[in-house]
Amino acid sequence: LQWHCRGQGFDPPRLHQSITHMKTLFLLRHAKSSWDDPQLADYERPLNNRGRRAAPFMGRLMKEKGLVPDVILSSTAKRAWQTTELLKQAADFQTDVRFDERIYEASPGSLQQVVSELGDNDFALLVGHNPGMEGFIRHLTNDVEPMPTAALAVIDLSIDSWNQIKNDCGKVRCIYRPKDEKR
């Protein structure tokens, strides 16, 4: 697992501690999908073996680091909802999952709209696709961050409510990128 964290001495305490005027958004690109069946529509592609290992690995990592979302938003594409379910099960999250078809092939502006509709939650996980995920990170932080499959970005947002989300309102705290290795 590769990761980098910004800021000196970052010790990821349980992020559910109250942070004044801050929301935290976890952006997860779906795990690796299968291209074995060329007849399948892109939307219907399932996870491959590597993806079925990476998704629970990232769930365990999130639990270990105290990265616990209050709500999970996931694309309805097969590889995304499989990633979501495997991650949630491995992390033992008791979190509600909302599947939203707008996340599939979404632009950064569309992802912003989806996130802006969240309620009073402080910590949200969005499971989606590239290039939208990389574009959304750039939109929120002005940082260019590669998001390979199953990568997780932790973004702190300087907003009081989700409907205030806008361009350049966040900072990347960490990026976790799983390597190609047996898990």
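Note that the numbering runs from 1 along the sequence shown for the chain.
With contacts defined as side-chain heavy-atom distances shorter than 4.5 Å, the pair L87/V127 does not qualify. By the 4.5 Å heavy-atom criterion applied to side chains, L111 and H139 are not counted as neighbours. At a threshold of 4.5 Å between non-hydrogen side-chain atoms, the residues T149 and T83 do not count as touching. For the pair K65 and C174, the minimum side-chain heavy-atom distance is 4.5 Å or more. K171 is not listed as a side-chain neighbour of M22, based on a closest heavy-atom distance of 4.5 Å or more.
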Does the side-chain contact (heavy atoms from CB on, under 4.5 Å) test come out yes or no for V154 and Y176, once each step is laid out?
CA-CA 8 Å; V154 180; Y176 299 94; 4.0 Å; yes

Under the criterion side-chain contact (heavy atoms from CB on, under 4.5 Å), I'd like the reasoning laid out for I155 against F136: C-alpha separation, chi angles, the key distance, then a yes or no.
CA-CA 11 Å; I155 301 175; F136 198 32; over 6 Å; no

Between V68 and F123, does a side-chain contact (heavy atoms from CB on, under 4.5 Å) hold up when you go through it step by step?
CA-CA 7 Å; V68 181; F123 303 90; over 6 Å; no

Passes side-chain contact (heavy atoms from CB on, under 4.5 Å), D92 versus Q94? Steps please.
CA-CA 6 Å; D92 195 29; Q94 302 304 308; 3.1 Å; yes

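With rounding to the nearest 0.5 Å, the separation of CH2 in W162 from CG in N121 is 8.0 Å. Here the CG-CD distance, from N48 to Q82, works out to 10.0 Å after rounding to the nearest 0.5 Å. Note that CD of E85 is 6.5 Å distant from NZ of K88, once rounded to the nearest 0.5 Å. Remark: K166 NZ to Q112 CD distance equals 9.5 Å, nearest 0.5 Å. Once rounded to the nearest 0.5 Å, the distance linking NZ of K63 with CE of M58 reads 15.5 Å. Summarising the geometry, atom CG belonging to L125 is positioned 7.0 Å from atom CG belonging to L152; distances are rounded to the nearest 0.5 Å.
Within a 6.0 Å sphere centred on CG of D96, heavy atoms belonging to other residues, nucleotides or ligands number 12 at most. Counting non-hydrogen atoms of other residues, nucleotides and ligands closer than 6.0 Å to CG of D120 gives a total of 12 or fewer. Dense packing is recorded around CD of Q164, with more than 12 heavy atoms of other residues, nucleotides or ligands lying under 6.0 Å away.
Put simply, the side chain of T95 gets close to the backbone of P69: a donor and an acceptor are under 3.5 Å apart. Formation of a donor-acceptor pair under 3.5 Å by the R29 side chain with backbone atoms of A153 is not found in this model. Of the possible donor and acceptor atoms, none in the side chain of D143 sits under 3.5 Å from a partner among the backbone N and O of E145. Remark: side-chain polar atoms of R79 are not paired, donor with acceptor, to backbone N or O of G51 under 3.5 angstrom. Of the possible donor and acceptor atoms, none in the side chain of Q89 sits under 3.5 Å from a partner among the backbone N and O of P56. Side-chain N or O atoms of D70 include one that pairs as donor or acceptor with a backbone N or O of D122 at under 3.5 Å. Judged by distance alone, with hydrogens and angles left aside, the side-chain atoms of T76 form no donor-acceptor pair with the main-chain N or O of F99 at under 3.5 Å.
Of the options D156, V115, L157, a side-chain contact (heavy atoms from CB on, under 4.5 Å) to L140 is made by L157 and by none of the others. Of the residues L73, I72, I103, the one that meets the side-chain contact (heavy atoms from CB on, under 4.5 Å) test with R98 is L73.
The two residues S34 and R45 have their closest heavy-atom pair at O-CD, 3.2 Å. Shortest non-hydrogen contact noted between G135 and P108 is C-CG, 3.5 Å. When all heavy atoms are compared, the tightest approach of A151 to R177 is CB-CG, 4.0 Å. In terms of heavy-atom proximity, E105 sits nearest to H129 at N-CD2, 4.3 Å. The heavy-atom pair separating G59 from A91 by the smallest distance is O-CB, 3.2 Å. Shortest non-hydrogen contact noted between A150 and A54 is CB-CB, 3.9 Å.
Y43 is linked by a ring-ring contact (aromatic ring centres under 6.0 Å, His included) to Y104, counting only residues two or more places apart in sequence or in another chain. Every residue meeting the side chain to side chain donor-acceptor pair (under 3.5 Å) condition with R102, not counting sequence neighbours, appears here in chain and number order: D100, E117. In terms of the side chain to side chain donor-acceptor pair (under 3.5 Å) criterion, residue partners of N49 (sequence neighbours excluded) are, by chain and number, R52.
Side-chain contacts under 4.5 Å among hydrophobic residues (ILVMFWY), followed directly or transitively, place L86 together with L47. The hydrophobic cluster containing L40, built from Ile/Leu/Val/Met/Phe/Trp/Tyr side-chain heavy atoms closer than 4.5 Å, comprises no other residue.
Neither side chain, H30 nor S75, offers a donor N or O lying under 3.5 Å from an acceptor on the other. Residues S116 and N163 bring no donor and acceptor atom of their side chains to less than 3.5 Å of each other.
For residues 62-90, no residue pair satisfies the ring-ring contact (aromatic ring centres under 6.0 Å, His included) rule, not counting sequence neighbours.
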